[in-house]
There are 2 protein chains.
Amino acid sequence: MDNREVILQCALELFYRRGYDAAGVQEIVEMAGITKPTMYYYYKSKLGLLEALIEEKGELLLHRILEVQSKKLRFEEQLYQLAKVYLDFGRREHYFYFLMLGLMYSSTESEAHKAAMPFISRQYELIIDTFVRAGDYLGNMNGRQEQFAIGFLGVINCYMMVYNEKSTENMLSDEKIYAVVHQFLHGIYS
Amino acid sequence: MDNREVILQCALELFYRRGYDAAGVQEIVEMAGITKPTMYYYYKSKLGLLEALIEEKGELLLHRILEVQSKKLRFEEQLYQLAKVYLDFGRREHYFYFLMLGLMYSSTESEAHKAAMPFISRQYELIIDTFVRAGDYLGNMNGRQEQFAIGFLGVINCYMMVYNEKSTENMLSDEKIYAVVHQFLHGIYS
DNA sequence: ATTTCATTATACCAATCGGTATACGAGCTG
DNA sequence: CAGCTCGTATACCGATTGGTATAATGAAAT
């Protein structure tokens with residue numbers, strides 16, 4: 001792993017652990033075992049570091065979502081596989097996903113928030129599209145596709161917070177994922 | 001309004017807008033039209049400022065939750081009134097509630113996160129308690145009370161993000177609130 | 001052997017960070 | 001008037017912030 005990648009990895013860990021603003025450039029390069037000019041040789045600024053992270057890691061998630069959607073499954077199966085993609089991604093790229101989650105809820109004036117929003121918005125567009133294309137199956141949604149998409153990702157993220165932090169075992173079972181989607185579709189009575 | 005309150009109000013706005021870490025003490029006192037020693041006369045530190053905010057504003061929300069729970073309503077009506085309390089609070093104390101939401105999702109090492117967690121945990125405890133005490137009505141929940149509480153607040157917060165940012169009119173209608181709770185209880189098919 | 005180019009470090013920048021030592025002035029009390 | 005407390009400002013602290021000018025490296029190409 002060359003310095004370029006090491007820097008990115010260390011930046012991700014420190015952005016996640018300390019927060020983007022609180023993490024210092026000095027701290028990042030020390031962890032990477034290099035000095036500041038080296039970092040500024042590869043990335044134009046601290047913000048550029050974040051942007052590179054989003055570019056690299058974000059593409060992975062978006063690609064997997066598109067992959068599921070291209071499979072033309074029936075609606076519920078599609079939601080189920082999307083949930084699986086998210087929970088899997090949230091576990092394998094824990095630092096990145098939770099960093100994005102934090103930035104999404106951070107102040108809209110923050111530069112880090114602005115850098116993360118295109119990636120986050122793109123996700124929501126894709127999920128909204130899932131509900132739009134399911135219109136035939138679901139019937140008239142009264143334009144609530146966006147609301148459903150937000151609710152769906154909201155539930156997914158909540159469960160991620162609960163099951164992704166504590167025990168690292170068997171929290172990604174297919175039954176668990178099915179239960180999450182089922183709760184979203186049918187509520188808690190069932 | 002004396003300086004003590006002005007400082008708190010300005011700190012809240014800047015913590016919300018810039019984020020806790022990015023907001024400078026200098027910036028806060030300039031907005032309040034005073035100088036740093038005045039702020040440090042009333043509050044022991046920047047973190048103390050945040051703690052004072054949580055103490056003051058947080059108590060308002062917790063008190064309203066307890067008020068609903070003391071009314072001994074039937075389960076669904078209780079959830080409905082809790083949703084109402086949250087959506088109302090999120091609108092009237094927008095800066096504070098969204099600041100807390102951001103801190104909840106921020107890195108666990110951050111001092112601001114640690115300062116906010118007792119307040120946030122207290123909320124979840126109260127909501128979990130609602131589900132626990134509804135056990136007779138809901139039947140065996142297989143220990144999923146915490147999961148339900150997280151899901152419930154998750155849905156509430158999602159809707160708050162959607163309806164609290166855009167138009168400021170008629171988003172708090174009773175029908176809308178009922179729809180949110182209904183979706184949580186019965187899912188999106190209904 | 002020399003030039004070239006990508007990569008890295010030394011040493012520095014002005015600006016800002018959170019926080020404070022000290023003193024000044026207003027108002028109350030003796 | 002003297003003394004005391006509350007509230008506030010001037011001026012400063014060391015540390016750290018993000019960022020850079022410059023030069024030394026080492027390997028490959030001529």
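Values below: all heavy atoms of this structure, side chains included; hydrogens, waters and symmetry mates excluded. In what follows, every chain begins at residue 1, and chains take the letters A, B, ... in the order their sequences are listed.
The separation between B/Glu30 atom CD and D/dA9 atom P is 12 Å, rounded to whole Å. Between the C1' atom of C/dT7 and the CD1 atom of A/Ile7 lies a distance of 11 Å, rounded to the nearest Å. Atom-to-atom, CE of B/Met39 to P of C/dC17 comes out at 14 Å; the value is rounded to the nearest Å. To the nearest angstrom, P of C/dC17 lies 12 Å from CG of B/Asp21. Between the CD atom of A/Gln26 and the P atom of C/dC17 there is a distance of 19 Å, given to the nearest Å. The CD1-P distance, from A/Ile28 to D/dT16, rounds to 16 Å in whole Å. Distance B/Lys36 NZ to C/dA21 P: 13 Å, rounded to the nearest Å. For the pair A/Leu49 CG and D/dG19 C1', the interatomic distance rounds to 14 Å; values are reported in whole Å.
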Chi angles and distances behind the ring pair (Phe, Tyr, Trp, His ring centres under 6.0 Å) call for A/Phe131, A/Phe75: CA-CA 8 Å; A/Phe131 284 95; A/Phe75 176 64; 5.6 Å; yes

Sub-3.5 Å pairs of nitrogen or oxygen atoms, protein against nucleotides 3-8 of chain D:
residue : atom : partner : partner atom : Å
D/dG7   : OP2  : B/Tyr41 : OH           : 2.6
D/dT8   : OP1  : B/Asn3  : ND2          : 2.4
D/dT8   : OP2  : B/Asn3  : ND2          : 3.4
D/dT8   : OP2  : B/Tyr42 : OH           : 2.9

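For A/Lys46 and D/dG19, a side-chain-to-base donor-acceptor distance below 3.5 Å is absent, hydrogens and geometry of angles not being considered.
Comparing the end axes of the helix from C/dA1-D/dT30 to C/dG30-D/dC1, each fitted to five base pairs by superposing C1' atoms of four pairs onto the next four, gives an inter-axis angle of 20° (nearest 10 degrees).
Checked against B/Tyr86 for a side chain to side chain donor-acceptor pair (under 3.5 Å), the options B/Gln81, B/Arg64, B/Gln123 give a single hit: B/Gln123.
The salt bridge (charged side-chain N to carboxylate O under 4.0 Å, His left out) check on B/Lys44 picks up B/Glu51, with sequence neighbours excluded. Scored by the ring-ring contact (aromatic ring centres under 6.0 Å, His included) test, A/Tyr178 finds A/His182 as partners (sequence neighbours excluded).
Other members of the hydrophobic cluster containing B/Ile128, listed by chain and number, are B/Val132; membership follows side-chain contacts under 4.5 Å among ILVMFWY residues, whether direct or relayed.
Within the structure, every pair that satisfies the salt bridge (charged side-chain N to carboxylate O under 4.0 Å, His left out) test and touches residues 12-27 of chain A, not counting sequence neighbours, is listed here: A/Glu13-A/Arg17, A/Arg17-B/Glu109, A/Arg18-A/Glu27, A/Arg18-B/Glu109.
Taking a 6.0 Å sphere around CD of A/Glu93, one finds it holds more than 12 heavy atoms contributed by other residues, nucleotides or ligands. Counting non-hydrogen atoms of neighbouring residues, nucleotides and ligands closer than 6.0 angstrom, the NZ atom of B/Lys72 reaches no more than 12 such neighbours.
Between A/Leu53 and A/Phe96, the closest heavy-atom pair is O-CE1, 3.9 Å.
Among the atoms of the strands shown, only primed sugar atoms or phosphate atoms (P, OP1, OP2) are found under 4.0 Å from some heavy atom of A/Ala23.
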